[in-house]
Amino acid sequence: ADYRVIVRDHFAQSPRATLYPWQLSVRREAPGVSLVVAPAPLPRQNDNDRQIYGTGCNLRRGETVALKVLAYRHDGFDGEIELLTPQLPPGVTASGTRIQAGQRVGAVVLTADERLPSGVDVLPVQGRYHVGTNVVTIAARAVTAQAPTADWDQERSAVVLSEHVVLGCIGTETAVLRLEPSTNSVEVAVGGKINLPFQILRREGFTAGFKLKAVGRTELDKVKELTIADNATNGVVELNLAEAALPVGTHSVWLEGRAPGKYRNQPEAIDAAKAELKSAEEVLAKADAAGKPVAEKRKQEAADRVKAAEERA
């Protein structure tokens, strides 16, 4: 067969565009998908906030985060994609999730326990799907913004692709707000209703109310947001499956929300610094004339550390 190929620079970004090399690839159709993992974006400051930050994938003790997974489908592939995390860092667990057929966005849900050790680990993320009778497993790549972008409508964000997802584990800090469900598994008939009670664990400074949304399936978009009152320590989310129309099967569902609060950075460092200051004061009180200069210097250094820890927090 004969083909005619016309090449144009639709964006007209350079008068020398016609001098740049162009490539044409002709191949047989190969249905499939490429996966990219992106860190959760920071909250928008207001409705006009269009900033992009160079954030990473981090996890605190007791925290649950959902890492966004983007599916770039090609050559007509439209099937469901199972998301897998075959090797997890110590102290981290993951919930099995899927990208629905025809959808292009999913998430990997990670939870850290209370004894999470600090460190940086590689987090393998895989996608498994069917093409005809063949089962295909692929590795996801990771994307991060190379530099902050002030307005995504005005400038294109430069991003970096890497072969591995890097997860930072922060074992010195506990999640400021946490939801704990009464049960991790529930069974219900198609079209029925279920109530999912949960507890809310708050740290000092995060006492304000907030809203929660059930996510994990596009059918849950119809479920109304749940409003949590100020200082509330428990809640119940009701899912009307006649309204949400979840199909028969096993589904992963989680709650997402944004909560305002006064964040303190590593407040435990203040306690450690104050304990050192108290010890220095006791040593100074018992020091003789010869040892006083050294003891006074130690006390001053400890006081400086207390001040620095308070300012940081």
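Atom set for the values below is all heavy atoms of this structure, side chains included, hydrogens, waters and symmetry mates excluded.
Residues Cys169 and Leu167 have side chains in contact (heavy-atom distance under 4.5 Å, counting atoms from C-beta outward). Between Leu177 and Leu201, the closest side-chain pair of non-hydrogen atoms is not below 4.5 Å. With contacts defined as side-chain heavy-atom distances shorter than 4.5 Å, the pair Val105/Lys68 qualifies. Counting heavy atoms from C-beta outward, Val143 and Val37 have side chains that stay 4.5 Å or more apart. A heavy-atom distance below 4.5 Å is not found between the side chains of Thr64 and Leu110. Counting heavy atoms from C-beta on, the side chains of Val36 and Leu161 come closer than 4.5 Å. Two residues are said to be in side-chain contact when any heavy atoms from C-beta on lie closer than 4.5 Å; Ile170 and Arg61 fail this criterion. The side-chain heavy atoms of Ile138 and Val33, taken from C-beta on, include a pair separated by under 4.5 Å.
The two atoms that bring Thr218 and Gln100 nearest to each other are N-OE1, 2.7 Å, heavy atoms only. A pairwise comparison of heavy atoms in Leu116 and Ala112 identifies CD2-CB, 3.7 Å as the closest pair. Closest approach of Asn240 to Gly191, counting heavy atoms only: OD1-O, 4.5 Å. In terms of heavy-atom proximity, Lys292 sits nearest to Leu284 at O-CD1, 4.1 Å. In terms of heavy atoms, Arg258 sits closest to Phe210 at O-CB, 3.4 Å. Residues Ala214 and Leu239 approach most closely at CB-CD2, 4.1 Å, considering heavy atoms.
Annotation for Gln199: atom CD does not count as buried by contact number, only 12 or fewer foreign heavy atoms lying within 6.0 Å.
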Give the C-alpha distance, both sets of side-chain angles, the deciding distance and a yes or no for side-chain hydrogen bond (donor to acceptor under 3.5 Å, both in side chains) between Arg298 and Ser279.
CA-CA 10 Å; Arg298 178 186 171 186; Ser279 175; 3.1 Å; yes
Determine, stepwise, if the pair Lys297 / Glu301 fulfils side-chain contact (heavy atoms from CB on, under 4.5 Å).
CA-CA 6 Å; Lys297 181 180 178 182; Glu301 291 175 346; 3.3 Å; yes
Could you walk me through whether Val165 and Val122 pass the side-chain contact (heavy atoms from CB on, under 4.5 Å) check?
CA-CA 6 Å; Val165 179; Val122 172; over 6 Å; no
For side-chain contact (heavy atoms from CB on, under 4.5 Å), just list the numbers for Val125 and Leu35, CA-CA rounded to whole Å, side-chain angles, deciding distance to a tenth of an Å, and then say yes or no.
CA-CA 9 Å; Val125 177; Leu35 298 178; 5.8 Å; no
Using the rule given for side-chain contact (heavy atoms from CB on, under 4.5 Å), can you reason through Ile194 versus Leu196, listing the C-alpha separation, both sets of side-chain angles and the distance that settles it, and then say yes or no?
CA-CA 6 Å; Ile194 52 175; Leu196 304 175; 4.3 Å; yes
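Taking OG of Ser182 as the reference point, atom CG of Asn234 lies at 9.0 Å (rounded to 0.5 Å). The CG atom of Asn58 sits 7.5 Å away from atom CZ of Arg60, with the distance rounded to the nearest 0.5 Å. Arg73 contributes atom CZ, which lies 5.5 Å from atom CG of Asp78 (distance to the nearest 0.5 angstrom).
Tracing side-chain contacts under 4.5 Å through hydrophobic residues (I, L, V, M, F, W, Y), one reaches Val176 starting from Phe198; they form part of the same cluster. Residues Val108 and Val166 do not share a hydrophobic cluster, clusters being chains of Ile/Leu/Val/Met/Phe/Trp/Tyr side chains in contact below 4.5 Å. Val223 and Val215 fall into different hydrophobic clusters, where Ile, Leu, Val, Met, Phe, Trp and Tyr are joined by side-chain heavy atoms under 4.5 Å apart, directly or via other members. The hydrophobic clustering, which links ILVMFWY residues whose side-chain heavy atoms are closer than 4.5 Å, places Tyr129 and Val69 together. Leu255 is not connected to Leu67 by any chain of hydrophobic side-chain contacts under 4.5 Å among Ile, Leu, Val, Met, Phe, Trp and Tyr, and they are in different clusters.
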Table please: side-chain donor-acceptor pairs of residues 81-95 below 3.5 Å, with sequence neighbours left out.
from, atom 1, to, atom 2, distance (Å)
Glu82, OE1, Arg128, NE, 3.3
Glu82, OE1, Arg128, NH2, 3.0
Glu82, OE2, Arg128, NH2, 3.4
Thr93, OG1, Thr111, O, 3.4

Can you give the donor-acceptor pairs under 3.5 Å from side chains of residues 303-313 to other protein atoms, not counting sequence neighbours?
from, atom 1, to, atom 2, distance (Å)
Asp304, OD1, Gln300, NE2, 3.0

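Listed by first and then second residue, the salt bridge (Lys or Arg N to Asp or Glu O under 4.0 Å) pairs involving residues 236-256 amount to none (not counting sequence neighbours). Note on residues 130-142: pairs passing salt bridge (Lys or Arg N to Asp or Glu O under 4.0 Å), not counting sequence neighbours, are Arg141-Glu163. Sorted by first then second residue, the salt bridge (Lys or Arg N to Asp or Glu O under 4.0 Å) pairs that include residues 210-223, not counting sequence neighbours, are Arg217-Glu219.
Judged as a ring pair (Phe, Tyr, Trp, His ring centres under 6.0 Å), and not counting sequence neighbours, Phe206 has no contacts. By the side chain to side chain donor-acceptor pair (under 3.5 Å) test, Thr97 is found to be paired with no residue, residues two or more places apart in sequence or in another chain being considered. The side chain to side chain donor-acceptor pair (under 3.5 Å) search around Asp75 returns Arg27, not counting sequence neighbours. With sequence neighbours excluded, the residues satisfying side chain to side chain donor-acceptor pair (under 3.5 Å) with Glu114 are Arg178. By the salt bridge (charged side-chain N to carboxylate O under 4.0 Å, His left out) test, Glu29 pairs with no residue at all, sequence neighbours left out. Here Ala208 pairs with Asp230, Pro260 under the side chain to side chain contact (heavy atoms under 4.5 Å, CB included) rule; sequence neighbours left out. Partners of Glu282 under the side chain to side chain donor-acceptor pair (under 3.5 Å) rule, at least two apart in sequence or in another chain, do not exist in this structure.
Gln126 contributes no side-chain N or O that, together with a main-chain N or O of Thr137, makes up a donor-acceptor pair within less than 3.5 Å. When atom types are taken as modelled, the side chain of His74 and the backbone of Ala30 share a donor-acceptor pair closer than 3.5 angstrom. Under the 3.5 Å distance criterion, the side-chain polar atoms of Glu276 are left unmatched by any main-chain donor or acceptor of Ala273.
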